[in-house]
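One structure below.
Note that ligands are numbered from 1 as they come in the structure, with each ligand's atoms numbered from 1 the same way. Start at 1 with the first residue, then count along the sequence.
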Amino acid sequence: MNLILLGAPGAGKGTQGALIAARDGSARISTGDLLRDAVRRGTPLGQRAKGYMDAGELVPDAVILDLVREVLVSDMDKSSGFLLDGFPRTIPQAEALDRLLADLGRPLDAVVVIDVPDEILVQRLSGRRTCAACGAVYNIYFEPPQVAGLCDRCGGALTERADDTAETVRHRLEVYKRQTAPLIAYYEASRTPVQHVDGDRPTAEVAAAIARVLDS
Ligand code: AP5
Ligand code: MG
């Protein structure tokens with residue numbers, strides 16, 4: 001299946017995306033993860049993106065579109081589906097994606113919107129910890145590791161994301177409402193089915209609800 005996961009910062013796109021990709025064998029493309037990797041490696045893309053990311057602003061569309069085009073056109077096994085997490089995030093990105101997928105002959109099957117109230121999002125982001133070594137995601141309030149500060153899977157050190165400070169989180173939520181939430185209406189007006197899932201419940205229940213809507 002070719003899917004888009006939509007939802008505000010902290011809605012669980014990364015968490016659910018990893019579960020869906022493991023279940024379906026689809027390739028998960030997270031623009032946020034690709035950008036953070038570029039920042040870590042200090043590439044020209046990372047140097048360009050860092051200031052926007054730290055401020056909770058969106059990276060310019062042209063930069064993101066070059067990145068996604070490269071992954072979708074060259075790097076991906078065409079026999080598996082793909083799952084887009086954190087992209088598209090603006091109407092121009094969605095329009096460019098439509099053109100790209102039409103050129104590639106790879107239509108979208110569904111858009112899954114994960115709905116979570118703002119106050120829960122703020123708490124989730126303030127408690128998020130990510131393994132610096134393997135990328136596994138934890139939450140000190142909701143999904144803590146067995147040993148504080150260490151990854152259950154690989155023992156790596158858990159770190160906080162630079163953009164998870166209270167002020168930047170508030171700004172990211174505003175940016176989401178202004179620039180990304182309009183994509184829901186955009187896709188509702190298209191042929192691609194849009195499925196809303198209540199994301200304010202335990203991870204396994206959200207995963208089961210997503211599996212149900214995708215199977216139906
Ligand atoms: P990105 O990395 O995409 O960040 P985001 O959209 O702000 O979303 P998050 O990754 O913060 O949240 P998530 O929904 O993945 O939640 P998660 O599963 O981690 O983008 C970062 C930046 O990069 C942007 O601000 C922008 O600058 C740039 N960027 C990226 N893509 C771009 C684009 N297309 N265009 C322009 N700029 C772009 O979960 C959050 C926490 O909650 C975790 O701790 C998790 O353990 C916990 N949790 C998850 N599910 C549950 C649950 N059901 N119950 C309890 N806790 C849960
Ligand atoms: Mg994420």
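Of the candidates G14, G17, G86, G86 brings a heavy atom nearest to atom 34 (N) of ligand 1. For the residues R124, M53, Q123, the heavy atom positioned nearest atom 50 (N) of ligand 1 is part of R124. Closest heavy-atom approach to atom 41 (C) of ligand 1 within the set N139, V175, L67, D164: this belongs to N139.
Using a cutoff of 4.0 Å between basic side-chain nitrogens and carboxylate oxygens, R212 and D215 are not scored as salt-bridged. The existence of a salt bridge linking R69 and D103 is excluded, since no basic side-chain nitrogen approaches an acidic carboxylate oxygen closer than 4.0 Å. For E160 and R128, the salt-bridge test fails: no basic side-chain N is under 4.0 Å from an acidic carboxylate O.
The protein non-hydrogen atom at the shortest distance from atom 12 (O) of ligand 1 is G10 N, 2.8 Å. Of all protein heavy atoms, the one lying nearest to atom 37 (N) of ligand 1 is V59 N, 3.0 Å.
Using 4.0 Å as the threshold, E205 has no heavy atom nearer than that to any atom of ligand 1.
Only side-chain heavy atoms of R36 come within less than 4.0 Å of ligand 1; its backbone N, CA, C and O stay farther off. In Y176, neither the side chain nor the backbone holds a heavy atom less than 4.0 Å from any atom of ligand 1. The parts of R128 lying near ligand 1 are both backbone and side chain, judged by heavy-atom distances below 4.0 Å. With a heavy-atom cut-off of 4.0 Å, L125 touches ligand 1 through its side chain alone. Of all the heavy atoms of P202, the ones lying under 4.0 Å from any atom of ligand 1 belong exclusively to the backbone. With a heavy-atom cut-off of 4.0 Å, A49 does not touch ligand 1 at all.
The distance criterion of under 3.5 Å between nitrogen or oxygen atoms is not met by V137 with respect to ligand 1.
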Show the atom names and distances, to 0.1 Å, of all donor-acceptor pairs under 3.5 Å that link a side chain in residues 182-192 to residues at least two apart or in another chain.
residue	atom	partner	partner atom	Å
Y186	OH	D98	OD2	2.4
S190	OG	Y187	O	2.7
S190	OG	T192	N	3.1

